[in-house]
Amino acid sequence: MTELVKLGGDLASHYNQWITVFLMVSGLYIVIARGNMVKKLVGLSLFQTSVYLLYLSAGKILGGTAPIIDPAFTVYSHPLPHVLILTAIVVGVATLAVGLALVVRINEAYGTIEEDDIFEQDDNRP
Amino acid sequence: MRLDVILRVVTKFILPFMMVFAIYVQFHGDYSAGGGFQAGVIAAATVILYALIYGLTAAKRIVTATMVEAMIPLGVLIYAGVGVVGWLTGSNFLDYSHLAHDQVHGQEWGVFLVEAGVFVTVSATMVAIFYAFAGRGRR
Amino acid sequence: MLTLIAVTTIGIVRVRNLFAVAVLTSIYSFLMASVMLVLDAVDVALTEASVGAGIGTVLLLGTLYLTKTEEARPVHSVALPLFVAVGTAAILIWGVSATPPFGAADSPVQLAGPDYIQRSIAETGIANVVSSVLASYRGFDTLGETVVIFTAGIAILMLLKRAAPPGAGGKD
């Protein structure tokens with residue numbers, strides 16, 4: 001019984017990280033299992049978002065507030081993860097756009113965005 | 001979508017508020033949530049919304065592609081330029097302490113200029129990406 | 001809210017219509033922005049809502065317009081990817097259980113936080129610590145990020161600005 005209670009407490013105090021792991025693994029699964037390139041990019045951005053969640057969860061203090069200084073508050077969340085993730089989001093969408101542009105070009109060259117079809121065309125090419 | 005009256009009218013109403021909000025987010029970033037990255041994206045979203053509703057050519061008449069492409073490196077140059085000015089005024093690269101008569105004001109000015117550089121690059125890049133995607137015809 | 005995110009993720013993995021995936025990604029971004037708000041990261045939430053749900057969705061839909069909207073049925077077995085994913089998850093959860101509990105003020109992550117918060121007003125006069133750290137204390141970092149965005153913009157212009165090749169199947 002005490003084991004169960006301990007497990008429950010562990011789940012509650014690490015719930016954010018568990019969800020992070022779930023999101024990360026889903027992204028990984030999409031990247032490996034799906035041949036469609038747009039889907040792969042969505043998987044990559046899922047993976048990326050899970051890292052945002054991990055960082056922000058680490059910076060949060062229970063009972064704290066957003067790191068904007070005001071005389072009414074004394075406890076603030078850690079500002080550094082916010083800074084890192086803020087820039088990471090914008091860079092993430094820029095790299096996603098580069099990936100999508102490559103997909104558009106691949107579609108123009110091969111007429112498909114499925115990985116298997118592209119490999120097949122490459123094999124059949126003399 | 002160009003014939004949809006409701007969308008066109010509502011867009012006309014919303015656009016100025018979006019632009020003002022972007023400017024607010026940019027300049028009020030020191031005291032509330034916001035900064036160059038967010039403001040740049042919101043400003044770009046304004047242009048993109050306009051292009052979606054009124055068509056790409058109409059948007060390109062106002063925000064020309066040449067202008068956007070010039071703004072992408074301009075922002076980086078502003079940012080790096082502030083760093084170099086910090087150098088010339090006797091501190092380290094990107095140390096704004098000597099930009100004004102005292103250190104706190106120097107930092108405020110430095111942060112303001114750097115955020116402006118970020119704003120220019122981010123907004124221009126997002127608009128340029130959208131133009132590139134939208135200008136590409138389906139094969 | 002986190003559970004809702006997980007449910008949306010399952011949707012993204014399962015659905016094969018890419019338009020639905022784009023819409024689900026947008027919903028996912030909004031949910032993520034709400035979670036970020038709860039985690040006190042207001043700046044990040046603002047960014048995620050505008051970037052992820054706004055620009056990201058527009059770009060995805062633009063790509064789908066230029067390519068195809070239906071994903072092919074998977075031909076390979078899902079056993080291997082599933083095995084890799086579950087294995088990774090097991091290792092990660094094992095690692096996560098050793099981290100400090102959520103929201104603890106005495107976790108090692110928090111060592112530098114109060115320092116930034118105390119110095120921000122005195123040294124830069126900026127109340128929003130995220131802004132001052134972003135542009136001043138870690139200014140070099142942000143310069144790097146700006147250059148990355150610049151590079152991405154140039155790369156996309158190089159890839160897509162040129163007119164589509166006239167011959168079918170022609171590369172460049």
Novice: Quick one: do C:Met36 and A:Ile89 satisfy side chain to side chain contact (heavy atoms under 4.5 Å, CB included)? Show the steps, please.
Specialist: CA-CA 12 Å; C:Met36 286 165 174; A:Ile89 290 178; 4.3 Å; yes
Novice: Hydrogens and angles aside, do C:Thr67 and A:Asn107 bring a side-chain donor and acceptor to less than 3.5 Å of each other?
Specialist: no
Novice: Go through the steps to decide whether C:Val86 and A:Val25 satisfy the test side chain to side chain contact (heavy atoms under 4.5 Å, CB included), and finish with yes or no.
Specialist: CA-CA 7 Å; C:Val86 172; A:Val25 167; over 6 Å; no
Novice: Please say which of A:His82, A:Lys60, A:His78 ends up in a side-chain hydrogen bond (donor to acceptor under 3.5 Å, both in side chains) with C:Asp40.
Specialist: A:Lys60
Novice: Would you check, one step at a time, whether the test side chain to side chain contact (heavy atoms under 4.5 Å, CB included) holds for A:Leu96 with C:Leu59?
Specialist: CA-CA 9 Å; A:Leu96 174 74; C:Leu59 288 179; 5.6 Å; no
Novice: Looking only at heavy atoms and a cut-off of under 4.5 Å, which of C:Thr142, C:Leu82, C:Val38 has the most pairs with chain A?
Specialist: C:Leu82
Novice: Does A:Arg105 use its side chain to pair, donor to acceptor, with the backbone of C:Leu159 at less than 3.5 Å?
Specialist: yes
Novice: With rounding to the nearest 0.5 angstrom, report the OH to CD distance, A:Tyr52 to C:Glu48.
Specialist: 6.5 Å
Novice: Could you look at C:Val96 and say if it's the side chain, the backbone, both or neither that has a heavy atom under 4.5 Å from chain A?
Specialist: both
Novice: How long is the gap from CD1 on A:Ile32 to CG on C:Leu80, to the nearest 0.5 Å?
Specialist: 7.0 Å
Novice: Examine whether an atom of C:Leu60 lies under 4.5 Å from a heavy atom of chain A, and if so say whether it belongs to the side chain, the backbone or both; otherwise answer neither.
Specialist: both
Novice: Report the residue from A:Val83, A:Thr87, A:Leu84 that forms a side chain to side chain contact (heavy atoms under 4.5 Å, CB included) with C:Asp141.
Specialist: A:Leu84
Novice: So for C:Val44, is it side chain, backbone, both, or neither that comes closer than 4.5 Å to the heavy atoms of chain A?
Specialist: both
